[in-house]
Amino acid sequence: MAKLVLIRHGQSEWNALNLFNGWVDTKLSDKGIQQAKDAGQKLAEKGLQFDQAYTSVLTRAITTLHLALEEAGQLWIPEEKSWRLNERHYGALQGQNKAEAAEKWGDEQVHIWRRSYDVLPPLLEASVAEVEVQGKTYPAIDRRYVDVPADELPLGENLKVTLERVLPFWDEKISKDLAAGKNVIIAAHGNSLRALVKHIENISDDDILNVEIANGQPWIYEFDADLNVTGKEIVE
């Protein structure tokens with residue numbers, strides 16, 4: 001049986017500051033570094049052996065993967081990065097303090113933007129002026145996305161759109177590895193992983209809103225040859 005391990009990156013510097021992070025490329029905090037190492041130690045204790053690793057193109061996820069694999073003694077395994085595993089893009093909210101955003105737009109509205117399945121946040125505006133102001137958040141000026149078609153680069157996403165972005169990568173890469181009997185580890189982000197969990201477990205649009213994935217907490221799935229889930233463990 002193939003195994004899939006999902007790990008949400010450790011706490012980022014912006015997580016620690018209570019800022020909307022999204023596609024902004026921040027580093028792990030000291031706490032986040034330890035969380036990533038702890039995740040790797042837990043995987044080592046379980047004796048899990050991996051054949052393939054995947055992560056996003058954002059530093060906090062890449063670093064988490066490397067730290068976890070180093071602790072597990074498997075830093076050498078094949079690794080692939082994809083923008084499709086990036087965190088949800090929070091649009092114009094990125095870089096804003098969550099408490100200040102609640103003061104500006106109201107607690108209820110910000111809660112809807114953060115937790116609803118299909119309501120979009122306020123979007124970035126793809127104009128020269130906005131690029132100058134929002135340089136770190138507008139993906140079209142970041143060379144890591146140079147090969148991504150312009151019409152696929154988001155200006156803001158909800159979980160529904162994030163799932164639509166992640167699914168092609170599941171179909172083309174992850175599911176094929178699992179079907180071949182390979183053990184896969186993915187270090188990514190809260191919402192890209194929630195999108196995968198929704199698909200894997202066939203969770204409803206309403207119920208997925210109650211699913212939380214803690215920083216640095218491995219989720220372990222077992223699959224049969226037909227990609228039916230035969231086991232699940234959340235390692236605390």
Original post:
Are Tyr221 and Met1 close enough that some pair of their side-chain heavy atoms sits under 4.5 Å apart?
Top reply: no
**OP:** Mind checking the OG1-CD1 spacing from Thr55 to Ile62? Nearest 0.5 Å is all I need.
**Re:** 5.5 Å
Original post:
Is there a donor in the side chain of Asp224 and an acceptor in the side chain of Thr230, or the other way round, less than 3.5 Å apart?
Top reply: no
Original post:
When you measure from the side chain of Asn183 to the backbone N and O of Asp51, does any donor-acceptor pair fall under 3.5 Å?
Top reply: no
Subject >> Interatomic spacing from CG in Leu65 to CG in Leu85 - rounded to 0.5 Å >> reply: 11.0 Å
Original post:
Can you find a heavy atom in the side chain of Asp38 that is under 4.5 Å from one in the side chain of Glu71?
Top reply: no
Original post:
With respect to Ser12, which candidate in Glu87, Arg60, Lys27 satisfies the side-chain contact (heavy atoms from CB on, under 4.5 Å) definition?
Top reply: Arg60
Original post:
Below 6.0 angstrom between ring centroids: does that apply to Trp23 and Tyr145?
Top reply: yes
**OP:** Please examine the side chains of Leu43 and Pro218, heavy atoms only from C-beta on, and report whether any two atoms are closer than 4.5 Å.
**Re:** yes
Original post:
Which pair of non-hydrogen atoms, one from Ala53 and one from Ile77, has the smallest distance, and what is that distance?
Top reply: CB-CD1, 3.8 Å
Subject >> Exercise: identify the closest heavy-atom pair between Asn215 and Gln35 >> reply: CB-OE1, 3.4 Å
Original post:
Does a side-chain heavy-atom distance below 4.5 Å link Glu79 with His66?
Top reply: yes
Subject >> Interatomic spacing from CG in Leu227 to NZ in Lys176 - rounded to 0.5 Å >> reply: 12.0 Å
Original post:
Got a donor-acceptor contact below 3.5 angstrom from the Gln74 side chain to the Phe50 backbone?
Top reply: yes
Original post:
If we ignore angles and hydrogens, is there a donor and acceptor under 3.5 Å between the side chains of Tyr90 and Asn191?
Top reply: yes
**OP:** Using modelled atom types only, decide if a donor and an acceptor are shared between the side chain of Arg8 and the backbone of Ile213 within a distance under 3.5 Å.
**Re:** yes
Original post:
Looking at Pro78 and Gln52, what are the two nearest heavy atoms and their distance?
Top reply: O-NE2, 3.3 Å
Original post:
Can you tell if the side chain of Val235 reaches within under 4.5 Å of the side chain of Ile220, non-hydrogen atoms only?
Top reply: yes
Original post:
Do the side chains of Ile186 and Leu193 get nearer than 4.5 Å, heavy atoms only?
Top reply: yes
Original post:
How close do Pro121 and Glu157 get, heavy atom to heavy atom, and via which atoms?
Top reply: CD-O, 3.3 Å
**OP:** Answer with yes or no whether the side chains of Gln34 and Asp30 bring together a donor and an acceptor at under 3.5 Å.
**Re:** no
Original post:
Hey, is the main chain of Val197 close enough, under 3.5 Å, to the side chain of Glu201 for a donor-acceptor pair?
Top reply: no
Original post:
Regarding Lys98 and the six-membered ring of Phe20, is the cationic atom NZ or CZ under 6.0 Å from the ring centre and inside 45° of its axis?
Top reply: yes
Original post:
Between the side chains of Gln11 and Ser29, does any donor sit under 3.5 Å from an acceptor?
Top reply: yes
Original post:
With no hydrogens and no angle check, is any side-chain donor or acceptor of Thr64 less than 3.5 Å from a backbone partner on Gly10?
Top reply: yes
Subject >> Among Arg194, Arg115, Lys198, Lys160, salt bridge (Lys or Arg N to Asp or Glu O under 4.0 Å) partner for Asp205 >> reply: Lys198
Original post:
Taking all non-hydrogen atoms of both residues, which atom of Gln94 and which atom of Gly22 are closest, and how far apart?
Top reply: OE1-CA, 3.2 Å
Subject >> Main-chain N/O of Ser192 paired with Arg165 side-chain donor or acceptor, under 3.5 Å >> reply: no
Subject >> Distance in Å, Leu28 CG paired with Glu13 CD, rounded so as to fall on 0.5 Å steps >> reply: 8.0 Å
Subject >> Point-to-point distance, once rounded to the nearest 0.5 Å, from CG of Leu4 to CG of Leu196 >> reply: 7.5 Å
**OP:** Assess whether ring-ring contact (aromatic ring centres under 6.0 Å, His included) is satisfied between Tyr54 and Trp170, documenting all intermediate values.
**Re:** CA-CA 11 Å; Tyr54 294 108; Trp170 167 268; over 10 Å; no
Original post:
Below 4.5 Å, heavy atoms only, C-beta onward: do Leu58 and His9 meet side chain to side chain?
Top reply: no
Original post:
Would you say the side-chain atoms of Arg84 pair up with the backbone N or O of Val166, donor to acceptor, closer than 3.5 Å?
Top reply: no
Subject >> Minimum heavy-atom distance Glu152-Trp83, with the two atoms named >> reply: OE1-CZ2, 3.6 Å
Original post:
Between atom CH2 of Trp76 and atom CG of Leu69, what is the distance when rounded to the nearest 0.5 Å?
Top reply: 10.0 Å
Original post:
Are there more than 12 heavy atoms of other residues, nucleotides or ligands under 6.0 Å from atom NZ of Lys232?
Top reply: yes
